[in-house]
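The block underneath contains the structure these notes are about, expressed in structure tokens.
Just so we're clear, the structure is a prediction, and the values are computed from it rather than from any experiment. Just so you know, residue 1 is the first one in the sequence shown, and it goes up from there.
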Amino acid sequence: IMDPVLKDVNTNAYQPYIREEINQKEALNRATVPMKRFMLKQTKTDTLDLFIDLSKTDKPENVEDLPMTVVIPSFMTSELERAFTAGFMIFLPFLLVDIIVSSTLMSMGMVMLPPAMISLPFKLLLFVTVNGWELLFSNLVNSFHY
């Protein structure tokens, strides 16, 4: 996901800096451009507007003119929202398995048997059957905008 951005930073900022063609400040300025562009593509507009308001800065015509002190927290908040959404989507089927196992055990009169003991193998089986890791990583990678 970050490979094109890191290659751009390496080519335009890091390599000229280690060859002493540019100074540290110029290298940092060049490195922030592709990083900022990447973060802005992933950031939701509402979140960006929130942090612009919180920082009490004027909204520029071009969002790439925003300072990193606005872009970084906006990006992190957007990513946290995506992570919580993904976690909730993973949690729902497991919660459903727990409910089914609990109601089945209750209907059979097995009140003293912990439902988690029975439902854990079913949760693992469900995750393996639907190829959970592959689904998780493919959805994660596909959620990024290039």
Hey, could you give me the CD1/CD1 distance between I100 and I118, rounded to the nearest 0.5 Å? 14.5 Å
Where T57 and S55 come nearest, the two heavy atoms and their spacing: OG1-OG, 3.0 Å
Contact list for residues 109-124, test side chain to side chain donor-acceptor pair (under 3.5 Å), sequence neighbours left out: D98-S119, D98-K123
V101 and M106: same hydrophobic cluster, using ILVMFWY side-chain contacts below 4.5 Å? no
Measure the CG-CG distance between L28 and N23 for me, rounded to the nearest 0.5 Å. 10.0 Å
Can you name the closest pair of heavy atoms from Y14 and N10 and give their distance? CD2-OD1, 3.3 Å
Do L66 and V5 share a hydrophobic cluster (ILVMFWY, side-chain heavy atoms under 4.5 Å, transitive)? yes
Smallest separation among heavy atoms of A13 and I22, with atom names: O-CD1, 3.7 Å
Following the transitive rule for hydrophobic clusters with a side-chain heavy-atom cut-off under 4.5 Å over Ile, Leu, Val, Met, Phe, Trp and Tyr, establish whether F38 and L6 coincide in one cluster. yes
Using distance only, find each side-chain donor-acceptor pair of residues 75-97 under 3.5 Å and give its atom names and separation, not counting sequence neighbours.
unit_1: T77; atom_1: OG1; unit_2: P73; atom_2: O; d: 2.7
unit_1: S78; atom_1: OG; unit_2: K44; atom_2: N; d: 3.1
unit_1: S78; atom_1: OG; unit_2: S74; atom_2: O; d: 3.2
unit_1: E79; atom_1: OE2; unit_2: R82; atom_2: NH1; d: 2.4
unit_1: E81; atom_1: OE2; unit_2: K44; atom_2: NZ; d: 2.9
unit_1: R82; atom_1: NH1; unit_2: Q42; atom_2: O; d: 3.2
unit_1: R82; atom_1: NH2; unit_2: Q42; atom_2: O; d: 2.8
unit_1: T85; atom_1: OG1; unit_2: E81; atom_2: O; d: 2.8

What pair of heavy atoms forms the shortest contact from P34 to D8, and how long is it? CB-OD2, 3.4 Å
Can you tell me how far OG1 of T43 sits from CD1 of I72, rounded to the nearest 0.5 angstrom? 10.5 Å
Closest contact, heavy atoms only, V71 versus M39: CG1-CB, 3.8 Å
Straight-line distance of N12 CG to K7 NZ, nearest 0.5 Å: 13.5 Å
Salt bridge (charged side-chain N to carboxylate O under 4.0 Å, His left out) partners of E64, counting only residues at least two apart: R37
Residues which pass salt bridge (charged side-chain N to carboxylate O under 4.0 Å, His left out) with D65, listed by chain and number, not counting sequence neighbours: none
Check the pair L48, L40 against side chain to side chain contact (heavy atoms under 4.5 Å, CB included), reporting the backbone distance first and the verdict last. CA-CA 9 Å; L48 195 59; L40 286 170; 3.9 Å; yes
If the condition is side-chain contact (heavy atoms from CB on, under 4.5 Å), which residues does L125 pass it with, not counting sequence neighbours? T129
Residue pairs meeting side chain to side chain donor-acceptor pair (under 3.5 Å), one or both in residues 100-115, sequence neighbours left out, come to none
Do V141 and F144 sit in one hydrophobic cluster, given that two such residues count as connected whenever their side-chain heavy atoms are within less than 4.5 Å of each other, even indirectly? yes
V128 reachable from F122 in the ILVMFWY side-chain graph, under 4.5 Å edges: no
Tell me if the CG atom of N62 is crowded by more than 12 foreign heavy atoms within 6.0 Å. yes
Should E26 and E21 be marked as a side chain to side chain contact (heavy atoms under 4.5 Å, CB included) after you check the CA-CA gap, both sets of side-chain angles, and the distance that decides it? CA-CA 10 Å; E26 178 64 25; E21 295 171 2; over 6 Å; no
Test side chain to side chain contact (heavy atoms under 4.5 Å, CB included) on L124 and F127; report intermediate values, then the result. CA-CA 5 Å; L124 292 173; F127 193 74; 5.7 Å; no
